[in-house]
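Right, one structure below, let's go through it.
Just so you know, ligand 1 is whichever comes first in the structure, and atom 1 is the first atom listed for that ligand. Note that these values count all heavy atoms, side chains included, but never hydrogens, waters or copies made by symmetry.
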Amino acid sequence: MMDKIYLDYAATAPMLPEVLEEMMPYFVSSYGNPSGIHATGREARKAIETARRRTARAIGAENTEICFTSGGSESDNLAIQGAAFAFKDKGNHLITSAVEHPAVIQSCRWLEKQGFRVTYLPVDQFGMVSPETLEEAVCPETILVSIMTANNEIGTLEPVAEIGRICREKGILFHTDAVQAVGAIELRVQDLNADLLSISAHKFHGPKGVGALYIRQGTRLESVIHGGKQERGLRAGTENVPGIVGLGRAIEIAEENRLNCIQSIREKRDILIREVLEKIPGSQLNGHPEQRLPNHCHFSFAGIESEALLLRLDLAGIAASGGSACTSGSLEKSHVLEAIGLEEDMIRGSIRMTLGQETTREEILQAAQSLRTIVEDLRGLTGWH
Ligand SMILES: Cc1ncc(COP(=O)(O)O)c(C=O)c1O
C-alpha cells in the first residue's frame, strides 16, 4: 500500500501515544466526577489541577488564570461574548480583523445583532493588521480588541505584542486566538499583554474537543454556558477529565519539543516553498514571506481549481487542504483570501500544506514532485499556458 503523506497539521495533528497513555485511566478506572468529595472524585480533581498547572506554565500564566473549555471555538466564544456582556456598561464597541477564524467573526456578527458595534480591520496583502490602523479605530466605547496570533489559512503572524501594548495603554481588553500558535512559536501572556488567549488541544497532538481560555487575573467575564459551578462558575458542565489530562500532557510536550523541532520543520517548509515556486510556473506563496508560522505553506496556482488539485493529491496519497478546514467542503470563497486582495483565479487555485514534527524531507520532496506533475496535468486538460 502507498504510504500516505499527511500535510494538514493546521487542521489537526495526530495524538501522541504518551498523551493517550496518560488519558486512559480517566476513562475507566479513575472515572470520578471531579466535583465529588470522595476519593474517586478527588483523584479526577487532582488530574485536572495538574493539567491546569502544565497549561499555565506553557504560556507563562498562573494556574488560576486557566479555564478549560470544549476547544478553540468555545474559548473564542467565551472570550468575546463573555467580555462584551461583562463590559457593556462601559461601551459597546469591539475591534477585530477581517481575517479571523469564523469562531471569532461569527461571535462578533452575533454580537452585532445584540446591539454591539464591531470594526473589522482590513489587512495588507500579507494578511497583516496594522497597529496604527487599530489605534485609529479605537474610540471611547471600545471595550475589546480580538486579533489572532497566527492565521490558520495563510500562516501570517500578527503583531500581537504591539497590539497588546496599545490595548493595555488604553485600558482596553485584548483577546488573541492562539490556536495555531501553541507549540509553533513562543507564547508568554505577559509579553503579549494578552488578557484573554484561546487554545485548542488537537492542534498540538492532544485530543479533539478540549481547549482552554487564559483569563488574566481580575478580568471580568460573563459565562456563556450556564449551570453548575465548574471552572469557577465560568463554564458549567462536568469536566472532560480525560480530555483535559490530554491537553495538559500535550502542551507540556509541545513546549519541550518546540525548540528542538521547529528549526527542522522550518527547513523542510522552506524546501517545499522553494521547490514549488522554482519548479511550478504560475505559482505563488500566500501570506507573509517571513512573519509566518514555521510549519505553514499556502500556495496559489494560476489556471487550477483547488478541488480538482486536492482530489488528485489525495489519490496520490497526499493530504492537503483548501484554505481552512472549516471552509473546505463548502464552495464559499475564503474571507481571508478576499481580505488580502488575491485575484479570483488565484483564490480558486489555492491550497494549504502544513507540516508536523513527523514530516520527513523525503515526504516533502515527494509532495513537491506530485504537486508539479498534477498541476501540469490539470493545466494540460484545460489548455492553460
Ligand atoms: C485559529 C483557529 N481558531 C479556532 C479554531 C477552532 O478550534 P476548535 O477546532 O478546537 O474548535 C481553529 C481550528 O481550526 C483555528 O485554526
List every atom of ligand 1 that sits less than 4.0 Å from any heavy atom of Gly71, numbering the atoms from 1 in the order shown and giving each element. 10 (O)
Heavy atoms only, cut-off 4.0 Å: how does Lys203 contact ligand 1, side chain, backbone, both, or neither? side chain
Given Ser200, Pro102, Gly209, identify the one with the heavy atom nearest to atom 10 (O) of ligand 1. Ser200
Lys/Arg-Asp/Glu bridge criterion (N-O < 4.0 Å) met for Glu255, Arg258: yes
For the 3.5 Å polar cut-off, considering only N or O atoms, please tell me whether Gly72 and ligand 1 meet it. yes
Residues which pass salt bridge (Lys or Arg N to Asp or Glu O under 4.0 Å) with Glu136, listed by chain and number, not counting sequence neighbours: none
Which atoms of ligand 1 sit under 4.0 Å from any heavy atom of Ser73? 6 (C), 7 (O), 8 (P), 11 (O)
Does a side chain donor of either Glu158 or Thr149 reach within less than 3.5 Å of an acceptor in the other side chain? no
Sequence-distant partners of Lys170, salt bridge (Lys or Arg N to Asp or Glu O under 4.0 Å), two or more places apart: Glu135
Give me the one residue out of His101, His175, Glu74 that meets side chain to side chain donor-acceptor pair (under 3.5 Å) with Ser198. His175
Shortest reach to atom 5 (C) of ligand 1 by a heavy atom, considering only Glu153, His101, Glu74, Glu100: His101
Asp76, portion touching ligand 1 at heavy-atom distance under 4.0 Å: side chain
